[in-house]
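For reference, the structure discussed in these notes is given below.
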Amino acid sequence: MRAGLLRRGFALEYATLGWNVVGIVVLAVAALTARSVALAGFGLDSLIEIGASTVVIWELSGTGERRQRRALRLIGVGFALLAVYLLVQSTWVLASGFHPHHSTPGIVWTAITAAVMFALAAGKARTGAALSNPVLVTEGRVTLIDGLLAAAVLLGLLLNAAAGWWWADPVAGYVLVYYAVREVRGIFSADH
């Protein structure tokens, strides 16, 4: 049973890695075409998700409480980087008043990405709980934030396209900053 759960954990992480590697390319093209800071930023967020998935694959490949603590700290650093990135990007977009063009490919990709990330996050939460693996559970929350970020970027792209509300995406980014900071505090306070 444990071996099957481990295989599922690896499969979820490899699926996340693959999706995000493809996403970086798709988002780069969409961001350049639309001159969208939000899409470019979301592509950078994919790098954080790739890093977190790599940490979990490393942790699942070994054993020991020390390895788990190190992996959790690395994921905590990923959450912190995500919070800083969202804070800086959202503030810059609002302060500059930058108005991106409409991006149909960006809308389609972020919509599909949100659904995929929510499904992967749920799978990681269930598998991590069944394995009693806090690293997989915590990285599942990184994936959930990635899905929420995709939904926020999607909402911003849709509101920009439909109503010209260019500021909707960076405002949603501030909500995600709060969630990411809360996760960082939880990880590092449990470490002591």
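All values below were derived from every heavy atom in this structure, side-chain atoms included, with hydrogens, water molecules and symmetry-related copies excluded.
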Between D146 and V142, does a side-chain contact (heavy atoms from CB on, under 4.5 Å) hold up when you go through it step by step? CA-CA 6 Å; D146 198 38; V142 174; 5.7 Å; no

Once rounded to the nearest 0.5 Å, what's the spacing between atom CG of L47 and atom OH of Y85? 10.0 Å

Applying side-chain contact (heavy atoms from CB on, under 4.5 Å) to S61 and F10, what does each step give before you reach the verdict? CA-CA 9 Å; S61 300; F10 280 115; 3.7 Å; yes

Do I48 and F79 have side chains that approach each other closer than 4.5 Å (heavy atoms only, starting at C-beta)? no

When E49 is tested against each of T143, N20, T16 for side chain to side chain donor-acceptor pair (under 3.5 Å), which residue passes? T143

Looking only at side-chain N and O atoms, does W92 offer a donor or acceptor that is under 3.5 Å from a partner on S96? no

Go through it in stages, so that I can follow the logic: the residues are S46 and L27, the test is side-chain contact (heavy atoms from CB on, under 4.5 Å), and I'd like the CA-CA distance, side-chain angles, deciding distance and then a yes or no. CA-CA 10 Å; S46 294; L27 288 165; 4.2 Å; yes

If hydrophobic clusters are built by linking Ile, Leu, Val, Met, Phe, Trp and Tyr wherever their side-chain heavy atoms come under 4.5 Å apart, do V88 and L81 end up in the same one? no

Going by side chain to side chain donor-acceptor pair (under 3.5 Å), E65 matches just one of R69, R67, Q68. Which one? R69

Joint hydrophobic cluster, V55 plus V21, side-chain heavy atoms closer than 4.5 Å: yes

So M117 and I145, do their side chains get closer than 4.5 Å, heavy atoms only? no

For T91 and Y174, which I'm curious about, is there any donor-acceptor pair between the side chains at under 3.5 Å? yes

Looking at R70 and E59, is any side-chain nitrogen of the basic one under 4.0 Å from a carboxylate oxygen of the acidic one? no

Counting C-beta onward and ignoring hydrogens, is there a side-chain heavy-atom pair between Y14 and S53 closer than 4.5 Å? no

Throw together a table of side-chain donor-acceptor distances under 3.5 angstrom for residues 153-165, partners on residues two or more places apart or in other chains.
| from | atom 1 | to | atom 2 | distance (Å) |
| --- | --- | --- | --- | --- |
| N160 | ND2 | P100 | O | 3.3 |

Heavy-atom check, side chain of E139 versus side chain of P134, under 4.5 Å: no

Co-membership, hydrophobic cluster, residues W58 and I50, 4.5 Å side-chain: no

Residue pair I75 / V56, side-chain heavy-atom distance below 4.5 Å: yes

Identify whether V181 and L82 are in the same connected component of the hydrophobic contact network (ILVMFWY, side-chain heavy atoms under 4.5 Å). yes

Would you sort out whether I112 and W19 count as a side-chain contact (heavy atoms from CB on, under 4.5 Å), showing the intermediate values? CA-CA 11 Å; I112 295 169; W19 187 270; 3.4 Å; yes

For the residue pair S103 and L39, establish whether any side-chain heavy-atom pair is separated by less than 4.5 Å. yes

Where is the tightest heavy-atom contact between A150 and F42, given as atom of each residue plus distance? CB-CZ, 3.5 Å

Minimal non-hydrogen separation, N133 against V135, with atom names: OD1-N, 2.9 Å

Determine whether L12 and V22 fall in the same hydrophobic cluster, where Ile, Leu, Val, Met, Phe, Trp and Tyr are linked whenever their side-chain heavy atoms lie under 4.5 Å apart. yes

Only distances under 3.5 Å count here; give the side-chain donor-acceptor pairs of residues 1-8 to other protein atoms, sequence neighbours excluded, each with its distance to 0.1 Å.
| from | atom 1 | to | atom 2 | distance (Å) |
| --- | --- | --- | --- | --- |
| R8 | NH1 | T127 | OG1 | 3.4 |

Is any side-chain heavy atom of P105 closer than 4.5 Å to one of T33? no

Find out whether I57 and L17 are in side-chain contact, i.e. whether some heavy atom of one side chain is under 4.5 Å from a heavy atom of the other. yes

